[in-house]
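Note that these values count all heavy atoms, side chains included, but never hydrogens, waters or copies made by symmetry. Residue numbers start from 1 in every chain, and the chains themselves are labelled A, B, ... in the order their sequence lines are given, proteins ahead of strands.
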Amino acid sequence: MVQRADNNNYLTSLKAKKFSLYVFLVVSFMLFAAWSSGFIVYSAGGEDKGLKTLLPTTFIYSTVSILLSSVCMHLAYAASKVGNIAKQRLWLGITILLGGLFFFLQYSAWMELARNGVMFINNNASQSFIYVFVWAHQAHIFAGIIVLLNAFFKASNGNPLIKNRFRMELATIFWHFLDILWIYIYVFLLLNQ
Amino acid sequence: MSSIAIPHAGDHGHDAHEHHHETFLTKYIFSQDHKMIAKQFLITGIIMAFFAMFLSILFRIQLAWPEKDFPILEVFLGKWAEGGRIRPDFFLSLVTIHGTIMVFFVLTAGLSGTFSNLLIPLQLGARDMASPFMNMLSYWLFFSACVVMISSFFVESGPASAGWTIYPPLSALPQAIPGSGTGMTLWLASMVLFIASQVMGGINYISTVLNMRTKGMSLWRMPLTIWAVFLTAIVGLLSFPVLVSAVVLLIFDRSMGTSFYLSDIIIGGQILPNEGGSPILFQHLFWFLGHPEVYIVLMPALGLTSEVIATNSRKPIFGYHAMVYSLIGITVLSFIVWGHHMFVTGMNPFLGGVFMITTLIIAVPSAVKTFNYLATLWRGNIKFTPAMLFAIGLVSFFISGGLTGIFLGNSALDINLHDTYFVVAHFHLVMGSASICGMLCGVYHWYPKMFGRMMNDKLGYLHFWMTFIGAYLVFFPMHFMGIDGVPRRYYSFTNFPFMQEWLTVNVFVTWAAIIAGLGQVAFLFNFFYSIWFGKKATQNPWKSNTLEWTTPVEHLHGNWPGEIPTVYRWPYDYSKPGHEDDFIPQTVPFSETMSSNLPHDFEGDAVAEQIQREWDKEHGVERELHH
Ligand code: HEM
Ligand SMILES: [Cu+2]
């Protein structure tokens, strides 16, 4: 009896934690939504406002790498569901590498922007907004990679399976969110190009 | 599920059967217990409130006696009050920090933080919050935010001084005013900490409400307090990130030289390089948070008073569903009215018209709530406890302050009224006074739950009357000043002949403020004295229906010693005809109240209706069960 009540409590607390994560994603999205609307309001403010530039092609490569990383993350999560720790670590490792690659590509993308004369300090703040979007997303990616590393190093055969699986589930949700968030930003910028 | 090894729940949830090894540090400082965290929020909030009140007395002194020296001021303010007179830029700092602390630290964190933490688990039947650790973090982030904000009084250039709304360019340029230097940086840092705290708290509140209710506690059986803090948390989570976005851009403008908000500025004969920025953009982003924020401040107060008014009128709340739908209506509408703060920014008149209409619509749910309060009070068997008086005080302030909102909401009238004392009067009544009354109502009512002792009633009555009368004397005259065109945030009343006429009123208002401020000392004494020396509380001192009063007076981890009680009914069965007591707690099943059950109690459950019908026949009771 007591054991069962405890188990129920534990499962409820997991459910609540997962729910909390979803709420956090909404909060995080609101931040970008606010900048998006700020961008629209600002860019509508005059003829000389707006992006007025082509986005760096590096963004295409970074988008591909984060999409691939999402696929790998999915495979890692599938492995965790059947309790295959070795396979989970393999795919997770690849995800982390792709995440790192994405991080680096984003960095080279804004260097490219700067080389093309699209500066952060700019009298057309529409262009400064590109940096704001990318940097804020980078900060999220940084947090995401820490989450993935945590899931990577805590996964071992000694630890309870349900914990590992739950950790993986949360990490997966978060990582997919970062992927979708980037695509949102990219498409938003493309539409305003 | 059973095939998976589940780690022992004790690692996570707080289990009542376990013995926690508690040290002073884990019990009082880094506590993860929601009741302790609630008390931490409350006491920090009270300290901040007194600090901000003290600031307001300082600037009121300047407003009342602009030509007089008060050497004592120089003693503790030093160069900011040289010769005993407050300097103009310091006056603006006082106004700014007063507003910031009151709106964010007292009426947002102090109010929501205290009562969401205390009541969500206790009224819903949960052992603690969804994530106690995050909850603890939320408090400590709030505490750090307070420390950073107050520390700005100790920097050379003084605290931020661009108003609580920190409009750029004033807030963006240190050359513009001393307060926009280090003080503003600290303000922004403090605000970031504060928002992080609010987000963590809010996520926890929402997650707990939706996932951790006890058996039988359906959404429609939740007390209105919970509905209010739940919807408040939603509003907060959707609007605070927008303030972050605004603040981040402001930080870039301040320290990296971008031009999001800055354009065409010549200052001190020097032309700034920034071009193309839009200060109006900041206002849009700010008020997208700012307006919902005023409801973040108000809604928890409305929730607390709903509960207290029903309990102390010994009547079911009038229109429970209407109350909930009004709160939901306010939640949704509060996001589409922000433009009413910007009517005079050169906004397109058509857009202004749209904001005018949404603004006037939001008055409807507000009015519904007011009528429901009055209808609940109507012919009630009213117990005038201090908490009840403060609840009625809220209703009064909400009406008198809400009415002026209707004037301000008209874009044409607002051309005259904007940025005058009329606005100051409006929001101090409808937000300041009403929410503070709601918060104090909550403190008096749930004090026995928090500290296991009662506050002194006599001091409570003294406190109420001084606050209630004081607030009206302070804020009512401001309407007339505003209609006459006296602008807010002006330091000197002696430079403009038409304002000089109002000096006598200023003296009156300042005296009223000082006396109302002294009334708060009665509260402070009562609050701290009663923690140790108050009368011991009984388990259910107000004969209330909600779950928190079924927990033992002595706090324990996990709240209930045994199993968590099950809930069978809504929380407002007061004075139900046919029942001997004038209240029926939520934990009493209908089978124990056969003499008082009503048709709609069974929610269409045919078996229960059948049992009731048999009982009625046996006892010769006539009751219509079909509807
Ligand atoms: C009956 C519904 C209400 C209407 C129609 C209304 C309308 C308005 C309008 C039009 C303004 C802008 C005035 C100006 O700056 O020229 C205003 C200011 C304000 N209102 Fe209300 N209001 C209402 C209720 C409330 C409530 C319930 C609260 C808070 C709990 C509140 C808090 C404020 C605050 C804080 C400001 C001033 C902010 C500032 O400029 O510093 N209002 N209101
Ligand atoms: Cu507003």
(request) Side chain from CB out, backbone as N, CA, C, O: work out which of these in A/Phe129 comes under 4.5 Å of a heavy atom of chain B, or both, or neither. (result) both

(request) State, yes or no, whether a side-chain contact exists between A/Phe19 and B/Ile203 at a heavy-atom distance under 4.5 Å. (result) no

(request) Can you tell which part of B/Leu237 gets under 4.5 Å to a heavy atom of chain A, answering side chain, backbone, both or neither? (result) both

(message) Looking at chain A, which one of B/Ser245, B/Ser278, B/Gly277 has the largest number of heavy-atom pairs inside 4.5 Å, strictly under?
(response) B/Ser245

(request) Could you tell me the separation between the CE atom of A/Met30 and the CG atom of B/Leu289, rounded to the nearest 0.5 Å? (result) 10.0 Å

(request) Flag yes if more than 12 heavy atoms outside A/Leu191 fall under 6.0 Å of its CG atom; otherwise flag no. (result) yes

(request) Provide the closest heavy-atom pair for B/Phe260 versus A/Ser128 in the form atom of the first, atom of the second, distance. (result) CZ-CB, 3.4 Å

(request) Between chain B and each of A/Ser37, A/Gly45, A/Ala16, count heavy-atom pairs under 4.5 Å; write down the option with the most. (result) A/Ala16

(request) Indicate the atoms forming the closest heavy-atom contact of A/Asn123 with B/Pro273, along with that distance. (result) OD1-O, 3.6 Å

(message) Given heavy-atom pairs under 4.5 angstrom as the criterion, report whether the side chain, backbone, both or neither of B/Phe240 touches chain A.
(response) neither

(request) Show the numbers, then the answer: is there a side-chain contact (heavy atoms from CB on, under 4.5 Å) between B/Phe252 and A/Tyr131? (result) CA-CA 11 Å; B/Phe252 286 148; A/Tyr131 288 88; over 6 Å; no

(request) Pick one of side chain, backbone, both or neither for B/Leu210, based on which atoms fall under 4.5 Å of a heavy atom in chain A. (result) side chain

(request) Check each atom of B/Val199 against the heavy atoms of chain A and say whether the ones under 4.5 Å are side chain, backbone, both or neither. (result) side chain

(message) Can you tell me which of B/Leu249, B/Leu243, B/Leu285, B/Asn274 forms the most heavy-atom pairs within a distance under 4.5 Å of chain A?
(response) B/Leu249

(message) Within a 6.0 Å radius of atom NZ on A/Lys52, are there more than 12 heavy atoms belonging to other residues, nucleotides or ligands?
(response) yes

(request) Locate the shortest heavy-atom distance separating B/Gly257 from A/Ile121; write the atom from each residue and the value. (result) O-CG2, 3.2 Å

(request) Quick one: which residue pairs count as a ring-ring contact (aromatic ring centres under 6.0 Å, His included) with a foot in residues 54-101 of chain A, not counting sequence neighbours? (result) A/Phe59-A/Trp182, A/Phe59-A/Tyr186

(request) Against chain B, label A/Lys49 side chain, backbone, both or neither, depending on which of its atoms sit under 4.5 Å from a heavy atom there. (result) side chain

(message) For A/Val27, which atoms come within 4.5 Å of any heavy atom of chain B: side chain, backbone, both, or neither?
(response) both

(request) Output the distance between atom OG (A/Ser43) and atom CG (B/Leu281), rounded to the nearest 0.5 Å. (result) 9.5 Å

(message) Please check: side-chain N/O of A/Tyr42 versus main-chain N/O of B/Gly276, any donor-acceptor pairing under 3.5 Å?
(response) yes

(message) Counting C-beta onward and ignoring hydrogens, is there a side-chain heavy-atom pair between A/Val26 and B/Leu238 closer than 4.5 Å?
(response) yes

(request) Measure the spacing between NZ of A/Lys15 and OG of B/Ser207 and express it to the nearest 0.5 Å. (result) 9.5 Å

(message) Return the CG to OG distance between B/Asn211 and A/Ser20, rounded to the nearest 0.5 Å.
(response) 7.5 Å

(message) As an exercise, state the distance from CZ of B/Arg213 to OG1 of A/Thr12, rounded to the nearest 0.5 Å.
(response) 11.5 Å

